[in-house]
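These notes concern the structure reproduced below.
All values derive from a computational prediction rather than experimental measurement.
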Amino acid sequence: MKNLIFINGTMGVGKTATSRELQKILVPSVFLDGDWCWNMEPFIVTDETKKMVTGNICYMLNSFLGCTEFQNIIFCWVMDRQAIIDSILEKINLKEVRYYLFTLTASEEALRERLNVDILRGIRTADILERSCGRLSLYEETDSVKIDVSNISVKEAAETIAGRIV
């Protein structure tokens with residue numbers, strides 16, 4: 001039986017870093033960052049591009065699930081509403097798959113500290129602060145295991161997730 005592991009949370013909370021660390025722990029595994037499917041210039045959010053991105057994500061996840069080489073499929077993305085998660089799951093072949101959903105959360109103070117580091121490094125722009133912090137409460141509504149990463153390392157977050165995978 002394969003493991004399909006979704007990791008969500010607001011921008012800058014550590015989804016990608018945690019997923020990369022988890023990939024080292026859960027071998028053999030493959031990792032898909034949903035942001036890779038949005039890598040466009042200019043960044044355009046329309047019904048058409050949303051449909052395209054979701055279609056690409058579902059195609060990739062189904063391909064990974066169908067490949068005998070991988071036991072663990074790790075997917076991270078900003079999924080701040082249960083409807084986003086459900087719209088992906090309904091297009092995924094979950095036969096003989098254990099599905100897990102984890103939400104990385106943080107205090108607003110911890111999130112702002114992380115984002116400010118990214119802003120100083122030039123990885124993000126200052127407008128991310130309000131956009132990301134404004135979404136924190138949305139994740140309370142998702143049907144997921146919440147992991148507060150305010151005071152733990154990326155490695156500890158990944159180990160926490162790995163410890164919950166059967």
From Trp36, Phe64, Phe70, Phe75, residue fulfilling ring pair (Phe, Tyr, Trp, His ring centres under 6.0 Å) relative to Phe31: Trp36
Close side-chain approach of Met52 to Met40, heavy-atom, < 4.5 Å: yes
Leu101 reachable from Ile88 in the ILVMFWY side-chain graph, under 4.5 Å edges: yes
Minimum side-chain heavy-atom gap Ile165-Tyr100 below 4.5 Å: yes
Minimum-distance pair of heavy atoms, taken over all atoms of Cys37 and Leu32: SG-CD1, 4.5 Å
Minimum heavy-atom distance between Ile119 and Ala126, given as atom pair plus value: CD1-CA, 3.7 Å
Which atom of Leu136 lies closest to which atom of Ser107, heavy atoms considered: CD1-C, 4.4 Å
N-O pairing of Lys24 and Glu21 below 4.0 Å: yes
Shortest non-hydrogen contact between Leu26 and Ala162, atoms and distance: CD2-CB, 4.2 Å
Taking every non-hydrogen atom, the tightest pair across Gly12 and Leu115: CA-CD2, 3.7 Å
Enclosure of Lys91 NZ (heavy-atom neighbours >12, cutoff 6.0 Å): yes
Working for side-chain contact (heavy atoms from CB on, under 4.5 Å), residues Ile84 and Thr54: CA-CA 9 Å; Ile84 295 170; Thr54 302; over 6 Å; no
hydrophobic_cluster_shared for Trp38 and Ile74, side chain cutoff 4.5 Å: yes
Between Glu156 and Ser153, a side-chain donor and acceptor under 3.5 Å: yes
Interatomic spacing from CG in Leu104 to CD1 in Ile161 - rounded to 0.5 Å: 5.5 Å
Beyond-backbone contact of Lys15 with Val78, side-chain heavy atoms, under 4.5 angstrom: yes
Inter-residue atom distance Arg135.CZ - Thr10.OG1, 0.5 Å rounding: 6.0 Å
Side chain proximity check, Pro28 to Glu69, heavy atoms < 4.5 angstrom: no
Heavy-atom side-chain proximity of Asn72 to Leu22 below 4.5 angstrom: no
Side-chain heavy-atom pair Ile73, Val97 within 4.5 angstrom cut-off: no
Cluster check Leu89, Met1: I/L/V/M/F/W/Y, side chain < 4.5 angstrom: no
Side-chain heavy atoms of Tyr139 within contact of Asp80, under 4.5 Å: yes
Spacing of Glu140 atom CD and Thr105 atom OG1 [to the nearest 0.5 Å]: 9.0 Å
Worked check of side-chain contact (heavy atoms from CB on, under 4.5 Å) between Phe6 and Met79: CA-CA 9 Å; Phe6 280 23; Met79 297 176 279; 3.9 Å; yes
Smallest separation among heavy atoms of Val154 and Ala17, with atom names: CG1-O, 3.3 Å
Leu138 with Ile128, same ILVMFWY side-chain cluster at under 4.5 Å: no
Donor-acceptor pair between Asn62 and Asn93 side chains, under 3.5 angstrom: no
Rounded distance (nearest 0.5 Å) linking atom NZ of Lys155 with atom OG1 of Thr160: 12.0 Å
Within 6.0 Å of CZ in Arg164, more than 12 heavy atoms from elsewhere: no
Path from Tyr99 to Ile92 over hydrophobic side-chain contacts below 4.5 Å: yes
Crowding at CG, Asn151 (>12 non-hydrogen neighbours, <6.0 Å): no
Distance (rounded to the nearest 0.5 Å) between Ile7 CD1 and Ile147 CD1: 7.5 Å
Min side-chain heavy-atom separation Thr49-Phe43 under 4.5 Å: no
Nearest-0.5 Å distance, OG1 of residue Thr103 to CD of residue Glu141: 11.5 Å
Derivation of the side-chain contact (heavy atoms from CB on, under 4.5 Å) call for Arg112 and Glu130: CA-CA 9 Å; Arg112 284 183 181 279; Glu130 297 314 313; 2.9 Å; yes
